[in-house]
Amino acid sequence: MEESFDAAIVGAGPAGISAACVLADGNSKVVVLERGEYPGSKNMFGGVLYGRHLAQIIPDYVERNCPIERNIVESRLSYLTEEGGLSFAYRDAAFFGQLRNNAFTVGRAKFDRWFADQARAKGALIVGSTVVTGLLKDPAGRVVGVRTDRADGELRARVVLLADGVNSPLAAGTGFRPEVRPQNVALAVKELISLPEEVIDQRFGVSPGNGVTNEILGNVTCGMNGVAFLYTNRSSLSIGIGANLADFAREKVRPYEMLENFKLHPMIAPLIKDGKPQEYIAHWLPEGGYDTMPKLFGDGFLIAGDSAMMFNALHREGSNLAMTSGRLAAETILEAIKKNDFSAAGLKGYEKKLQDSFVLRDLKKYRRFPSFLETHQDLFTGLPRAASGAAREMLTVDDLPKKARQTLAWKAIRGQVRPLRLLRLVWDAWRSVR
Ligand SMILES: Cc1cc2nc3c(=O)[nH]c(=O)nc-3n(C[C@H](O)[C@H](O)[C@H](O)COP(=O)(O)OP(=O)(O)OC[C@H]3O[C@@H](n4cnc5c(N)ncnc54)[C@H](O)[C@@H]3O)c2cc1C
């Protein structure tokens with residue numbers, strides 16, 4: 001702890017380890033401090049990583065035995081009511097060939113450990129079981145290291161990267177990130193359900209090593225602004241559900257009860273039948289989007305990943321934003337080392353790099369999306385019922401002529417959402433993502 005480093009990174013998640021790899025590749029002296037016993041021991045997510053962004057850090061990740069569970073060849077989107085629902089699926093031969101590992105599933109406990117080992121092999125020092133409790137500042141207010149819960153607890157570094165995830169008192173301590181409001185975070189619960197590999201292949205119609213993601217919206221979140229998911233791993237399924245924290249507080253719904261109900265849904269129950277629950281875990285997600293992001297750098301520090309509220313709630317992407325922001329933060333630090341300037345002015349290239357990347361472009365493009373979800377509750381109540389009701393009418397085959405069926409389908413829609421409201425909803429949806 002008495003040693004001094006070029007860079008100290010708080011958190012060994014995707015953002016922190018990506019930064020550590022790039023810094024070690026650039027021959028700088030870097031330490032990663034992780035509160036978990038080992039990287040990944042305290043982490044969870046839905047399960048999908050994106051090959052492109054990992055390859056930008058470890059180009060030969062497949063040859064290096066990255067613990068990939070399944071290559072995703074099909075993406076499903078379901079819109080469910082209590083009894084049924086609509087599903088869309090997209091599968092493409094490209095995902096078996098030139099786009100293989102475009103997206104793949106992993107378990108965080110295995111992946112984070114493997115990723116940290118890559119950083120270690122490049123020369124980064126990864127220290128587990130160490131909680132960073134505060135930032136060390138010099139009399140001028142510049143960050144010059146971190147304070148930890150260890151007995152010999154202070155560590156000096158020329159620059160500190162905050163990559164400590166969504167619940168980051170450290171980012172708040174910089175004065176740049178306001179206290180997280182319940183409206184801006186979701187609480188998600190996830191269960192890992194083990195099933196034999198061949199049963200998963202058969203139920204999801206995939207060959208060994210290939211898999212499916214299913215994002216699920218609708219009444220399953222009890223009318224709250226939320227989403228559920230079901231992802232295939234090699235011999236387990238990741239099933240989870242989450243909703244806005246403010247909605248949970250208002251509706252007094254218990255997350256694990258919502259998950260148990262979701263597992264009983266007629267379109268979900270057959271997929272997980274006879275599976276053995278392995279683990280159950282809850283975590284926050286930053287969902288406030290661009291307008292809730294803090295300033296990303298200051299004198300002696302930068303912020304990356306979830307800690308900077310970088311999550312694309314529409315596409316359910318976070319790990320790739322974390323990896324890319326970690327990589328760009330590290331590239332900025334390498335430039336600062338060359339200039340020997342770790343002031344805010346010396347680190348401001350980080351923001352420009354992010355602005356030029358998909359990270360800030362996407363977050364900016366969808367900046368209205370979180371408030372669209374917050375103010376259109378019918379998306380999670382009336383609309384799925386309207387869609388299901390209309391589909392049920394159109395698919396019922398009896399003696400009624402189709403014209404009468406169409407009238408009934410339209411009635412099913414109007415019974416749930418007024419036509420003007422529907423038009424407004426479509427317009428607002430388009431405006432929030434254009
Ligand atoms: C339910 C759920 C499903 C998700 N599904 C997906 C998905 O399928 N695909 C996707 O791309 N993204 C998904 N995400 C988002 C994704 O998990 C995050 O965006 C990503 O993990 C952010 O990486 P990070 O490195 O910024 O933070 P984290 O992964 O949270 O890592 C932060 C690390 O910092 C450590 N830490 C925290 N505080 C301290 C401290 N004081 N001292 C030392 N160490 C500390 C933590 O232990 C942790 O290891 C999901 C998230 C959730 C909750």
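Residue numbers start at 1 and run along the sequence shown. For ligands, and for the atoms within them, numbers begin at 1 and follow the listed sequence.
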Note to self: Polar contacts were defined as any N/O atom of the residue lying under 3.5 Å from an N/O atom of the ligand; does this apply to N320 and ligand 1?
What the structure shows: no
Notebook entry, point to check: Is the closest side-chain heavy-atom distance between I239 and F262 below 4.5 Å?
Noted result: yes
Item checked: Donor-acceptor pair between N219 and T381 side chains, under 3.5 angstrom -> no
Check: Nearest heavy-atom pair of N214 and S78: which atoms, and what distance?
Finding: OD1-OG, 3.2 Å
Check: Among protein heavy atoms, which lies nearest atom 47 (O) of ligand 1, and at what distance?
Finding: E34 OE2, 2.7 Å
Next item on the list: Give a yes-or-no answer on whether the side chains of Q56 and R327 include a donor-acceptor pair shorter than 3.5 Å.
Entry: yes
Next item on the list: State plainly whether the residues R316 and E287 are in salt-bridge range, i.e. N to O under 4.0 Å.
Entry: yes
Margin query: For atom 37 (C) of ligand 1, what's the nearest protein heavy-atom neighbour? Residue, atom name and distance, please.
Written below: D164 O, 3.0 Å
Notebook entry, point to check: If you measure from each non-hydrogen atom of V132 to ligand 1, which part falls under 4.0 Å: side chain, backbone, both or neither?
Noted result: both
Check: Backbone, side chain, both or neither: what part of Y50 comes under 4.0 angstrom of ligand 1, heavy atoms only?
Finding: side chain
Next item on the list: Could you tell me whether ligand 1 has any atom less than 4.0 Å away from a heavy atom of M44?
Entry: yes
Notebook entry, point to check: Closest non-hydrogen protein atom to atom 15 (C) of ligand 1, residue and atom name please, with distance?
Noted result: F311 CE1, 3.6 Å
Margin query: Applying a heavy-atom cut-off of 4.0 Å, say which part of T130 lies close to ligand 1: side chain, backbone, both or neither.
Written below: backbone
Check: Between the candidates R108, H53, K190, M309, which shows the shortest non-hydrogen contact distance to atom 29 (O) of ligand 1?
Finding: R108
Checklist line | ligand 1 versus A322: contacting region, heavy-atom distance under 4.0 Å | finding: side chain
Next item on the list: Could you pull out, from G11, G16, G165, G40, the option with a heavy atom nearest to atom 30 (O) of ligand 1?
Entry: G165
Item checked: Of the listed options N312, D306, V32, closest to atom 19 (O) of ligand 1 (non-hydrogen atoms) -> D306
Item checked: Contact partition for D112 relative to ligand 1, non-hydrogen atoms under 4.0 Å -> neither
Check: Taking the non-hydrogen atoms of G240, is any one of them nearer than 4.0 angstrom to ligand 1?
Finding: no
Next item on the list: Inspect the surroundings of CZ in R100 and state if more than 12 heavy atoms from other residues, nucleotides or ligands are less than 6.0 Å away.
Entry: yes
Check: Is L285 touching ligand 1 with its side chain, its backbone, both, or neither, if touching means heavy atoms under 4.0 Å apart?
Finding: side chain
Notebook entry, point to check: Do N184 and T292 have side-chain atoms, one donor and one acceptor, less than 3.5 Å apart?
Noted result: no
Check: Any N or O of P14 that comes nearer than 3.5 Å to an N or O of ligand 1?
Finding: yes
Checklist line | Test of proximity, M310 against ligand 1: N or O pairs below 3.5 Å | finding: no
Check: Do ligand 1 and G318 have nitrogen or oxygen atoms that lie under 3.5 Å from each other?
Finding: yes
Margin query: Return the closest protein heavy atom for atom 17 (O) of ligand 1 as residue, atom name and distance.
Written below: F45 CB, 3.1 Å
Margin query: With heavy-atom distances below 4.0 Å as the criterion, list the atoms of ligand 1 near L33.
Written below: 43 (C), 44 (N)
Check: Tell me, which protein residue and heavy-atom name are nearest atom 32 (C) of ligand 1, and how many Å apart are they?
Finding: A163 O, 3.5 Å
Notebook entry, point to check: Can a donor-acceptor pair be found between the side chains of Y231 and E215 at a distance below 3.5 Å?
Noted result: yes
Check: Given R35, which of V131, T130, V10 fulfils the side chain to side chain contact (heavy atoms under 4.5 Å, CB included) condition?
Finding: V131
Item checked: Element-labelled atoms of ligand 1 that are located less than 4.0 Å from some non-hydrogen atom of A15 -> 25 (O), 26 (O)
Next item on the list: Could you tell me whether some N/O pair between W284 and ligand 1 is separated by less than 3.5 angstrom?
Entry: no
Next item on the list: Carefully, step by step, assess D247 and N225 under the rule side-chain hydrogen bond (donor to acceptor under 3.5 Å, both in side chains).
Entry: CA-CA 7 Å; D247 284 15; N225 168 7; 5.1 Å; no
Note to self: I need the nearest protein heavy-atom contact for atom 2 (C) of ligand 1: residue, atom name and distance, please.
What the structure shows: G46 N, 3.6 Å
Check: Would you say ligand 1 has an N or O under 3.5 Å from any N or O of S319?
Finding: yes
Next item on the list: Tell me whether the guanidinium CZ or amine NZ of R108 lies under 6.0 angstrom from the six-membered ring centre of F45 and within 45° of its axis.
Entry: yes
Check: Around K339, counting heavy atoms of other residues, nucleotides and ligands shown, do more than 12 lie under 6.0 Å from its NZ?
Finding: yes
Note to self: Whether K295 engages the ring of F297 as a cation-pi pair (distance to the six-membered ring centre under 6.0 angstrom, angle to the ring normal within 45°) should be assessed.
What the structure shows: yes
Note to self: How far is atom 31 (O) of ligand 1 from the closest protein heavy atom, and which atom is that?
What the structure shows: G13 CA, 3.5 Å
Next item on the list: Using only heavy-atom distances, determine whether the side chains of D92 and Y90 contain a donor-acceptor pair under 3.5 Å.
Entry: yes
Next item on the list: Number the atoms of ligand 1 from 1 as they appear, then name those within less than 4.0 Å of a heavy atom of V131, with their elements.
Entry: 41 (N), 42 (N)
